Amino acid sequence: MQDVRKRRGSDFQTPVQHSNSVSKKKLPSKKRLEFHFDLWLCLTVQNWILDFGRPIAMIVLPLEWFPLNKPSAGDYFHMAYNVITPFLLLKLIERSPRVLPRSAIYLCIITFVMGASIHLVGDSINHRLILSGYQLHLSVRENPIIKDLKPASLIDSFELLYYYDEQLGHLMWYIPFFIILFIYFTSCFTQVVEQKKIPVPGWLLMGPSALYYWYLVTEGQIFELFLLTFLAMLAVVIQRQRKGLSPDSNGLFLLGSFSLTMALVVVWVVYLWNDTVLRKKYPGVIYVPEPWSYYSLHVKPRPQD
């Protein structure tokens, strides 16, 4: 009888132990809740080199190395960016403390790659126009090398190229990028006090990260998109705080980077507020000039100089 009771007792205990083991497996691992310094560092470094460094490489490297009818150094930088960035974003999503909607992530990544590839072609041709005298602070039809083209219908083709490069390509590139960051941010909330602190390497990385986002927002002309993403992040923070949750170290890093980016954009706009030439190229209520337009107008020596 005692043996029978022991077996029955063990049978009743087995499901409980099994459920405990399953619940432990479902809990996020401690590693996933740590600050992802390696991924944030890789994202920041490759953004600075492969995105911000593209036009600089095309300016610095001798033209003889990359003829105008062949891909330039910046084009190869762009190709690498189009592969490395979506890979890093997917790795970031993999480390999310909770499961995120896969279909939305995959659709964003596909659109991101397509938009960045469209921009690659348009930006490559646009750079060759710059080497031929194209001035970035002027519109397509106002540029001296464009307005005298014959037949005049060629100007429409260059305006189409500008549309693919600066508008459609940017939208298909940056909208998925910020959606992915926002979706990831929604998972970065915790009640554990120790996980709400940004480590020292994170604070050191926040400045370069925010400075890159400033370049992305101003040169990409996506201030409205950035502002909506930033406000949505603040709304999520307020909503989660009512439930006793606060951003963890990764969430704080994203929020801090975006806050510093907003401050840099405001300083940039105030600095160029009374620039009449740039005001003409960027009309409308929201005035955010592009850094390379500023370079073309105020820094780069023009032929007539």
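All residue numbers in this chain count up from 1 along the given sequence. Given the structure is predicted, the values throughout are model-derived calculations rather than measurements.
The pair Arg95-Asp38 counts as a salt bridge, with a side-chain nitrogen and a carboxylate oxygen less than 4.0 angstrom apart.
Side-chain contact between Val237 and Phe189 is present, with at least one heavy-atom pair separated by less than 4.5 Å. You'll find the side chain of Arg279 stays beyond 4.5 Å of the side chain of Asn274, heavy atoms only. Using a 4.5 Å cut-off on side-chain heavy atoms (C-beta onward), Tyr215 and Trp292 make contact. Looking at heavy atoms from C-beta onward, Asn250 lies out of side-chain contact with Glu34 at the 4.5 angstrom threshold. By the 4.5 Å heavy-atom criterion applied to side chains, Tyr81 and Ile49 are not counted as neighbours. Side chains of Asp248 and Phe35 form no contact here, defined as non-hydrogen atoms less than 4.5 Å apart. With a 4.5 Å cut-off on side-chain heavy atoms, Thr190 and Ser246 do not count as touching. Contact of the Trp40 side chain with the Ser209 side chain is not registered, since no non-hydrogen atoms from C-beta on lie closer than 4.5 Å.
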Side chain to side chain donor-acceptor pair (under 3.5 Å) between Ser296 and Tyr134, worked out: CA-CA 9 Å; Ser296 175; Tyr134 187 87; over 6 Å; no
Please determine whether side chain to side chain contact (heavy atoms under 4.5 Å, CB included) holds for the pair Asn126 and Leu161, giving the CA-CA distance in whole Å, both sets of side-chain angles, and the decisive distance to 0.1 Å. CA-CA 8 Å; Asn126 185 57; Leu161 175 66; 5.6 Å; no
Go through the steps to decide whether Leu234 and Leu255 satisfy the test side chain to side chain contact (heavy atoms under 4.5 Å, CB included), and finish with yes or no. CA-CA 8 Å; Leu234 293 178; Leu255 190 63; 3.9 Å; yes
Trace of the side chain to side chain contact (heavy atoms under 4.5 Å, CB included) decision for Tyr271 with Tyr294: CA-CA 11 Å; Tyr271 174 68; Tyr294 175 83; 3.2 Å; yes
Residue pair Thr229, Leu181: steps toward the side chain to side chain contact (heavy atoms under 4.5 Å, CB included) verdict: CA-CA 9 Å; Thr229 306; Leu181 290 181; 5.9 Å; no
Take Asp156 and Arg141, measure what salt bridge (Lys or Arg N to Asp or Glu O under 4.0 Å) needs, and give me the verdict at the end. CA-CA 9 Å; Asp156 296 330; Arg141 292 187 177 272; 2.6 Å; yes
Any chance you could lay out the side chain to side chain donor-acceptor pair (under 3.5 Å) test for Thr186 and Arg98, step after step, and finish with the verdict? CA-CA 9 Å; Thr186 59; Arg98 66 181 180 86; 3.3 Å; yes
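Ring to ring, Tyr213 and Phe226 are not that close: their centroids are 6.0 angstrom or more apart. The aromatic ring centroids of Phe52 and Tyr212 lie 6.0 Å or more from each other.
For the residue pair Tyr295 / Glu290, no side-chain donor-acceptor distance below 3.5 Å is found, with atom types taken as modelled.
Leu168 CG to Leu160 CG: the interatomic distance, rounded to the nearest 0.5 Å, is 9.5 Å. To the nearest 0.5 Å, atoms CD (Glu94) and CG (Leu88) are separated by 11.0 Å. For the atom pair Leu90 CG and Ile105 CD1, the distance stands at 8.0 Å (nearest 0.5 Å). A distance of 11.0 Å separates CZ in Phe223 from OG1 in Thr261, rounded to the nearest 0.5 Å. Between atom NE2 of residue His36 and atom OG of residue Ser249 there is a gap of 7.5 Å, rounded to the nearest 0.5 Å. Atom CD1 of Ile222 sits about 11.0 Å away from atom CG of Leu228, to the nearest 0.5 Å.
When atom types are taken as modelled, the side chain of Tyr184 and the backbone of Leu100 share no donor-acceptor pair closer than 3.5 angstrom. Between the side chain of Asn143 and the backbone N or O of Ile145, no donor-acceptor pair lies under 3.5 Å. His170 contributes a side-chain N or O that, together with a main-chain N or O of Glu166, makes up a donor-acceptor pair within less than 3.5 Å. Remark: the backbone N or O of Leu43 is paired with a side-chain donor or acceptor of Asn47 at under 3.5 angstrom. A donor-acceptor contact shorter than 3.5 Å links the side chain of Asp75 to the backbone of Ser72. Here the side chain of Thr85 pairs no donor or acceptor atom with the backbone of Asn82 at under 3.5 angstrom. Distance alone, capped at 3.5 Å, places no donor-acceptor pair between the Ser124 side chain and the Leu120 backbone. Gln241 places no side-chain N or O within 3.5 Å of a backbone atom of Val236 that could act as its donor or acceptor partner. Side-chain N or O atoms of Arg54 include none that pairs as donor or acceptor with a backbone N or O of His78 at under 3.5 Å.
In plain terms, the two heavy atoms of Gly207 and Leu260 that are nearest each other are CA-CD2, 4.1 Å. Here the shortest heavy-atom pairing between Phe253 and Gly202 reads CE1-O, 3.4 Å. Across every non-hydrogen atom of Leu89 and Ile180, the tightest pair is CD1-CD1, 4.1 Å. Of all non-hydrogen atoms in Leu171 and Pro176, the two that sit nearest each other are O-CD, 3.7 Å. Taking both residues in full, the closest heavy atoms of Ser257 and Met206 are given as OG-CG, 3.6 Å, listed atom of the first, atom of the second, then distance. Between Pro291 and Glu219, the closest heavy-atom pair is CD-OE1, 3.1 Å.
In summary, of the residues considered (Tyr162, Trp173, Phe112), a ring-ring contact (aromatic ring centres under 6.0 Å, His included) with His119 occurs for Trp173 alone.
In the displayed structure, Met114 atom CE is contacted under 6.0 Å by at most 12 heavy atoms of other residues, nucleotides or ligands. More than 12 heavy atoms of other residues, nucleotides or ligands lie within 6.0 Å of OH in Tyr287, so this atom counts as buried by the packing criterion. In the displayed structure, Tyr164 atom OH is contacted under 6.0 Å by at most 12 heavy atoms of other residues, nucleotides or ligands.
The hydrophobic clustering, which links ILVMFWY residues whose side-chain heavy atoms are closer than 4.5 Å, places Trp273 and Trp268 together. Connection of Val99 to Ile179 is not established within any shared hydrophobic cluster, with ILVMFWY side chains joined at heavy-atom distances below 4.5 Å, either directly or through further cluster members. Transitive grouping of hydrophobic side chains (ILVMFWY, heavy atoms separated by less than 4.5 Å) keeps Val266 and Met233 in distinct clusters.
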